[in-house]
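So the structure is just underneath, and the comments pick up after that.
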Amino acid sequence: MQAFLDLKGKTLLPIHWAKFSLSLHGWTEPVQRLRQAATLHPAAVLTPRIGQVIQVGVDLVQEAWWEE
């Protein structure tokens with residue numbers, strides 16, 4: 001989040017967080033922490049499903065698919 005804010009980004013697309021569980025923290029912890037931080041800062045966070053094709057500049061409906 002800090003790098004995104006420093007670079008004055010418009011949309012944050014987190015990568016390398018959802019495909020595999022490779023660490024000691026919970027599988028959803030990174031995205032939960034990021035979404036919490038996004039409520040404190042003016043940040044649009046894009047979290048497409050694994051394998052979902054997205055188009056730059058097209059608004060996508062955001063859903064917490066990892067909570068299903």
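Excluded from the calculations below are hydrogen atoms, water molecules and symmetry mates; all remaining heavy atoms, backbone and side chain alike, are included.
Heavy-atom minimum distance, A38 versus A43: CB-O, 4.0 Å.
Its side chain within the 4.5 Å cluster rule, L5 clusters with M1, F4, L12, L34, V45 among the Ile, Leu, Val, Met, Phe, Trp and Tyr residues.
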Would you tabulate the side-chain donor-acceptor contacts of residues 47-54 under 3.5 Å, counting partners in other chains and residues two or more places apart, or write 'none'?
residue	atom	partner	partner atom	Å
T47	OG1	Q62	OE1	2.9
R49	NH2	E68	OE1	3.3
R49	NH2	E68	OE2	2.8
Q52	OE1	R49	N	2.8

